[in-house]
Number of protein chains: 2
Amino acid sequence: MPHAPRPRGPKPIRMDPDRILDAAQEVFARDGLRAASLRAIAKQAGCDPALIYYHFDSKEAMFTALLARRFPPILQELEVVAEPGDPRSTALRLWEVVRIYHRHLKADPAIRSLIRGEIVRGAEGLSGLIEVRIRPIVMAIRSILDQGISRGDLRADLHTLLGTFFLARMHLEILDLLPTVLPRLMGLPHDQAVETGLHVWFDLYWRGIARDPLAPLPPLPELAADPIAIKETHP
Amino acid sequence: MPHAPRPRGPKPIRMDPDRILDAAQEVFARDGLRAASLRAIAKQAGCDPALIYYHFDSKEAMFTALLARRFPPILQELEVVAEPGDPRSTALRLWEVVRIYHRHLKADPAIRSLIRGEIVRGAEGLSGLIEVRIRPIVMAIRSILDQGISRGDLRADLHTLLGTFFLARMHLEILDLLPTVLPRLMGLPHDQAVETGLHVWFDLYWRGIARDPLAPLPPLPELAADPIAIKETHP
DNA sequence: CGCATGATTCAACATTCGTTGAATTGGATC
DNA sequence: GATCCAATTCAACGAATGTTGAATCATGCG
């Protein structure tokens, strides 16, 4: 845990805990939560492994700190789109969800790897915290689907919780698997794989949930527009 | 590797390599590929860790042996359904794919965990083998989609490779995440979560790919009918 | 300067891991 | 019964892991 706030002074702290988190994020992304070693994280951060224990209580605490700085911004943006007064069409709002999700998670395989792998294990340890972080996100997206039904844009018999699950989960799979699978299975380059994958997916998904599946989608804004401020640490 | 074939005799071999694989499958399923220890596998199998090295060359070799006995049966059943002469409707054939997939993978979280986690890492080590195993499966399902377009059952602009990806991947997610997520997010019991999840998913997916999304689905056979012979080792 | 205190490093701990070589068991064959 | 050999166990190796307590460094304040 960071100590007392420093009153003044040029730069007495050489290693900001955030720099350690950056390193941790990268190593977690590369090796996965379990296989990532504190020594590798320390090496990435350019400090001693023991220093990590000065700033964080444990490896797990460091990870929850990672969650704590990643999820709230996502939730905040989602809640804006989920505002019941939002005048945009349901299709556009859902596409906006995809864009938010995309911007925040594209450059952070560590969080994705966690969501993918660690929730499955069940109720031990981190999972409770994850639920606390993820539930509001799920509920925000779900409320858009609920509003879509009320507005008559979506089919009335849509299972909105599962609909949310499908949308969010498949997005993660597209981010994780398509860049490595599609180039091998067909000739597509990495970036284009994700781009087309998401568009094809959204089109299929929309037909699945829309009350009028054959009505053409409105023009969708670019995915890559105004990228979020995720530190891309590739030295 | 198993030694020379034994000419006769009652039961000179006490520990069948398959029994070790059964144990490995269970421990891999519980702890994941990396975290599963040979000592835990040996304990589960009721033998010494060193015995594993008598029957298998390494931990990795044991895992590829696991793949080798799990994937071919799946592929074999899928290729029957993918036969171009199959008279059933495309919807029914795809539902049959779901049932096959479901029967073989429901009780084997280890393989799912592998597919989920290990492919992402890229081209190192096991991934090549996985691709060899998985590619024919993907292609079998894809050919059903291609035939569906030719027959006029599916929309002509369907991206069949991505369509296959969506179908198969979301199925895995449903098997892995719904049993732990849905009971927490709503009140659903475990088994029912997967059951309804798969039905809702297939309905949504079909509307997404069908040429006539609003035409009602034919009655779908039960998922749980004639379960496959997967040893459920829960002592 | 001297000293207190936060920041960082060093060295080591107990544990667990995958793996291996030697030793032991036990049934089949002579 | 002696022998052979596959099957199994025992004990240990070296490496890697999360973690910790003591020691060291560097800076701000008196």
Side-chain angles (χ1 to χ4, degrees), chain A residues 1-25 27-28 30-66 110 114 118 124-126, chain B residues 1-25 27-28 30-66 110 114 118 124-126:
Chain A
M1 51 210 68
H3 283 209
R6 181 159 301 273
R8 201 69 54 90
K11 34 180 174 305
I13 299 178
R14 299 212 302 265
M15 180 64 57
D16 193 305
D18 268 335
R19 284 243 307 273
I20 297 182
L21 281 185
D22 292 339
Q25 176 171 308
V27 178
F28 280 142
R30 173 164 30 88
D31 300 337
L33 173 56
R34 207 153 209 159
S37 78
L38 286 174
R39 285 171 174 82
I41 295 173
K43 191 174 184 179
Q44 174 74 29
C47 71
D48 192 271
L51 181 61
I52 295 178
Y53 283 86
Y54 180 75
H55 290 293
F56 303 95
D57 287 340
S58 66
K59 186 181 178 181
E60 178 176 325
M62 185 169 46
F63 199 91
T64 62
L66 254 179
L114 167 89
E118 229 59 27
E124 343 136 3
L126 291 166
Chain B
M1 50 208 70
H3 283 210
R6 182 157 300 273
R8 202 69 52 91
K11 34 180 174 305
I13 299 177
R14 299 212 301 267
M15 180 64 57
D16 194 305
D18 268 335
R19 284 243 308 273
I20 297 182
L21 281 186
D22 292 339
Q25 176 172 309
V27 178
F28 279 142
R30 173 164 29 89
D31 300 337
L33 173 57
R34 207 154 208 158
S37 77
L38 286 175
R39 286 171 173 83
I41 294 173
K43 191 175 185 178
Q44 173 75 27
C47 71
D48 192 273
L51 181 60
I52 295 178
Y53 282 86
Y54 180 76
H55 290 292
F56 303 95
D57 285 341
S58 66
K59 187 181 178 181
E60 178 176 324
M62 185 169 45
F63 198 92
T64 62
L66 254 178
L114 168 89
E118 229 60 27
E124 343 136 3
L126 291 166

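The chains referred to below are lettered A, B, ... by the order of the sequence lines, with proteins before strands, and numbering in each begins at 1.
- Scanning both residues, A:Ala65 and A:Phe56, for their nearest heavy atoms gives CB-CE2, 4.0 Å.
- Residues satisfying the side chain to side chain contact (heavy atoms under 4.5 Å, CB included) test with A:Ala24, not counting sequence neighbours, are A:Phe28, A:Ile41, A:Met62, A:Leu66.
- Axis angle, first five pairs versus last five pairs of the helix from C:dC1-D:dG30 to C:dC30-D:dG1: 10°, rounded to 10°.
- Of all heavy-atom pairs spanning B:Ala61 and B:Thr64, the tightest one is O-OG1, 2.8 Å.
- Between A:His55 atom NE2 and D:dT19 atom P there is a gap of 16 Å when expressed in whole angstrom units.
- For the pair A:Tyr54 OH and D:dA23 P, the computed distance is 18 Å after rounding to whole Å.
- To the nearest 0.5 Å, atom CG of residue A:Asp16 and atom NE2 of residue A:His55 are 8.0 Å apart.
- Atom CZ in A:Phe56 sits roughly 13 Å away from atom P in C:dA7 (whole-Å rounding).
- When rounded to the nearest whole Å, the span between CD1 of A:Ile20 and C1' of C:dT8 equals 10 Å.
- Within the model, atoms CD1 of A:Ile52 and CG of A:Leu21 stand 9.5 Å from one another, a figure rounded to the nearest 0.5 Å.
- Minimum interatomic distance between B:Ala45 and B:Ile20 (heavy atoms only, all atoms of both residues): CB-CA, 4.4 Å.
- For the pair A:Ile52 CD1 and D:dT19 P, the interatomic distance rounds to 10 Å; values are reported in whole Å.
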Self-check item: Heavy-atom protein contacts under 4.0 Å, nucleotides 13-25 of chain C, coded B base, S sugar-phosphate only, - none
Solution: ----BBBBB----
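- Residues meeting the side chain to side chain contact (heavy atoms under 4.5 Å, CB included) test with B:Ala35, sequence neighbours left out: A:Arg34, B:Asp31.
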